[in-house]
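Each chain gets a letter, A, B and so on, in the order the sequences are listed, and its residues count up from 1.
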There are 2 protein chains.
Amino acid sequence: MTERRKAATRLDIARTAAALFVEHGLRSTRAEDIARAAGVAPRTFYRYFATKEEAITPLLAVGARQWVEAVRDAPSALPVPDALRHAAACALTPAPGDTAASESLEWVRSLLRMAADSPALQSVWNDACHDADATLAGVLAARAGLPDEAGSLEIRLTAGVAGAAVRAAVETWAAGDAPATGPQGPAALAQRCLASAEGALRGA
Amino acid sequence: MTERRKAATRLDIARTAAALFVEHGLRSTRAEDIARAAGVAPRTFYRYFATKEEAITPLLAVGARQWVEAVRDAPSALPVPDALRHAAACALTPAPGDTAASESLEWVRSLLRMAADSPALQSVWNDACHDADATLAGVLAARAGLPDEAGSLEIRLTAGVAGAAVRAAVETWAAGDAPATGPQGPAALAQRCLASAEGALRGA
DNA sequence: GCACTTATGGCAGATTCTGCCACATGGGCA
DNA sequence: TGCCCATGTGGCAGAATCTGCCATAAGTGC
């Protein structure tokens, strides 16, 4: 239960940080400001995040998390490429009326745009993508029946390629003005990318 | 000419930093220590690198640079997947007797192992890989005749997939004890990965 | 050799980050 | 319920990181 509390404050801090970054700019927002606005002590902030830029990680990771979990929960009879595509569609398509999901995607867009001229934020996004690749590799390994072999070259390659495909889709969407749903939305783009990459995804 | 000088000191600092990291550990090496050992002022160090971890970037990027340039210099008649494979083979195979290339690879191995238990170093590696993807996308766009469209979804996808393949190969090699040449070397692994991913590389 | 651009060094100071310890909070158990 | 303990939190001191500013030196072109 205490785990749940920690995750909640973690998300609280993340949302607070993102809001401050968007409102006042990344540069003129200090870690102390985020902490105060989030209602925690500076020392506590640094127990959750190593740097102020890292504070937005939970917001960037939520989509990836849903994707990976959807892959885990996909019927094991489904071929890997299909499981990846279906999971991406689920994770990146906000259900009509689900404002939380839509707003989550819009936050990602705002943050990615901000990251365009901030190496530190860009780095956070890179890390988030890499973490997603790593956990996806673990899920694919489990799916393949391998006990703990997320380190296998084939698994790593598949996870990396799938991750690159979804990443390209999300970044392309975020760079434009298309709505989160529809043919230019992240889900649709990811379908196309994963389809293009299908040949490289059969290896797992 | 001043450009060349700057690149030289940049590499100097990088080598100094890597040596200190390996010898005394990342934690107990301060930015000031690196600066002194490299013969520059701390203030100058921070003009080259934003953080002490970032100082190793040039060492991680040299291989990627060679790969991308080999792709650029490949005959334009060569299909993209073949160009990528051939370039990877050239960039990751140290010529017999070329101790510089071999040692460069060994440095990468040491640094990647150190990065295994240092989020900050891992982040630097992620950034290096992403930079490589981005420049590769530019080269592929030029190859395809597109004026400046490194931002096209297809190009980005291809570069991302190719980058993921080579990255998986290099990381797998670095995690093991295989020599830099031979069937378990990075070049050979990259060949296999790029071959597996070939289906996803025809899009450009 | 002379002007000029540009890199470097040094210093002050803001900010970031960490170690340490005391306190509070919340979950488990009698 | 009431106590106990594990654990999260706050506060403070201090180290390390990072930046702005200006003076100086180095090197670049005329």
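Looking only at distances, no side-chain donor or acceptor of B:K52 sits under 3.5 Å from a matching main-chain atom of B:A17. The backbone N or O of A:A18 lies less than 3.5 Å from no partner atom in the side chain of A:W107, so there is not a single donor-acceptor pair. Not a single donor-acceptor pair under 3.5 Å links the side chain of B:S118 to the backbone N or O of B:A115.
Rounded to an integer number of Å, the gap from CZ of A:R10 to P of D:dG8 is 13 Å.
We find that A:D73 and A:R143 are not joined by a salt bridge, their nearest charged nitrogen and carboxylate oxygen being 4.0 Å or further apart.
When each of B:L59, B:T16, B:V62 is checked for a side chain to side chain contact (heavy atoms under 4.5 Å, CB included) with B:L11, only B:L59 meets the rule.
Atom CZ of A:R65 has 12 or fewer heavy atoms from other residues, nucleotides or ligands within 6.0 Å.
Annotation: proximity of residues 14-23 of chain A to DNA chain C (heavy atom, distance under 4.0 Å) is found for no residue.
Between atom CG of residue B:L84 and atom CG of residue B:L140 there is a gap of 6.0 Å, rounded to the nearest 0.5 Å. Once rounded to the nearest 0.5 Å, the distance linking CZ of A:R36 with CZ of A:R30 reads 6.5 Å.
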> Reading nucleotides 3-16 of chain C from the 5' end, what letters show protein touch, with B for base, S for backbone sugar-phosphate only, - for no heavy atom under 4.0 Å?
Replying inline: ----SBBBB---SS

